[in-house]
Amino acid sequence: MTGGAEAAALGPRGPGAHAPAVVAVREAPVPFRLASRDAHRENTVITLRPGVELGGGRLLLMGGPCAVESEAQLMAAAEATARAGGRVLRGGAFKPRTSPYSFQGLGQEGLRLLDRARRRFGLAIVTEALDEDGLARVAEVADMVQIGARNMQNYSLLRAAGRIRKPVLLKRGLSATLEEWLLAAEYVLAGGNGDVALCERGIRTFARETRNTLDLSSVPLVKALSHLPVVVDPSHATGAWPLVAPMARAAVAAGADGVLVEIHPDPSQALSDGPQSLSLPQFAELAAALPLIARAVGRHV
Ligand code: PEP
Ligand code: MN
């Protein structure tokens, strides 16, 4: 990374700045101009629906199943989210699965169920768009459109997301550097959509004991470099439900603006990501603990 934003994030100028042989130190412009804190000093606050904000003083709790599987499953997860104080229901209607033989989501029927859950529980809806063709359909129902890790560098999708009038949740690519991630956000911003939030969901490393490695240092670093809100997804970051609550708590302590947690009424029967899904009582317990941590770092829920 280059420029003033890096300096702000990583300390004052490089060592050459004080050397007698140095005549002048010039800052190279940051490559992610619109996402940069230099361009916009204040935090961006995204309104998902009236009263549901991401990036202000209040921590936003997002819960929901990896995939919408049935009306009963979704409504149970939505009710548990609302009861726990969550304001956002996240569930996939269109799923980006590693294998073409795995459950791909209910598609349009999933969107219909999400819309119904929103009306019933007053939650904001976040759901993923897999491609340009599906983006408009998803944006019709979603209060915020997710762009998944595998699509973080799908530049035609990012450009299309710049043209919609709905906020975007941009997940970090599996092997993306912070600069690549911020430049992906820049595509959406440059396209005219200023409502972009970044979601840290773990990156692929040599570690085998977890599905991914949660790079929590990206939270304060991105917040120093950029004005965009940051959400942490401890579910994909670990792949294992016993690790989800500790990492969610750590994410709040690190300054995340939101936490996105996969939940399921019966994780053992989930059609996708069951091993990393919290049961509904486990989610309630986590939700009760988060306000304590939020308060300790000057936030509220
Ligand atoms: C998901 O959110 O269910 C998902 C597939 O996430 P990611 O794109 O981070 O892998
Ligand atoms: Mn998932």
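All ligand and atom numbering here is 1-based and tracks the order in the structure.
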Can you confirm, on distance only, whether ligand 1 has an N/O atom lying under 3.5 Å from any N/O atom belonging to [X]?
X    : answer
R201 : yes
P96  : no
K171 : yes

Electrostatic pair [X]:[Y] at N-O distance under 4.0 angstrom:
X    : Y    : answer
D143 : K166 : no
E71  : R116 : yes
K223 : D257 : yes
R33  : D38  : no
E262 : R90  : yes
K95  : D273 : no

### Task
I would like to know whether R118 and D115 meet salt bridge (Lys or Arg N to Asp or Glu O under 4.0 Å); could you show each step before the answer?
CA-CA 5 Å; R118 168 184 29 223; D115 191 38; 2.6 Å; yes
* Test item, E262 contacting ligand 1 (heavy atom, 4.0 angstrom) -> yes
- So is G92 in contact with ligand 1, going by heavy-atom distances below 4.0 Å?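 Distance cut 4.0 Å: G92 fails for ligand 1.
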Per-atom filter on ligand 1: closer than 4.0 angstrom to a heavy atom of C66 are 3 (O)
One finds that the ligand 1 atoms under 4.0 Å from a non-hydrogen atom of G148 are 8 (O)
**Request:** Could you tell me which non-hydrogen atom of A160 sits nearest to which non-hydrogen atom of E132, and how far apart they are?
**Result:**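 Taking every non-hydrogen atom into account, CB-CG, 4.0 Å.
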For [atom], which protein heavy atom lies nearest, and how many Å away is it?
atom                   : answer
atom 2 (O) of ligand 1 : R90 NH1, 2.6 Å
atom 3 (O) of ligand 1 : K95 NZ, 2.8 Å
atom 4 (C) of ligand 1 : H236 NE2, 3.3 Å

N/O/S atom name from D273 that is nearest to the position of the Mn ion (ligand 2):
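In D273, the N, O or S atom with the shortest distance to the Mn ion (ligand 2) is OD2.
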Heavy-atom proximity to atom 8 (O) of ligand 1, picking from A237, G173, A149, points to A149
Interatomic distance, CG@L54 vs CG@D195, rounded to 0.5 Å, equals 9.5 Å
Angle subtended at the Mn ion (ligand 2) by C66 SG and E262 OE2, to the nearest 10 degrees, is 100°
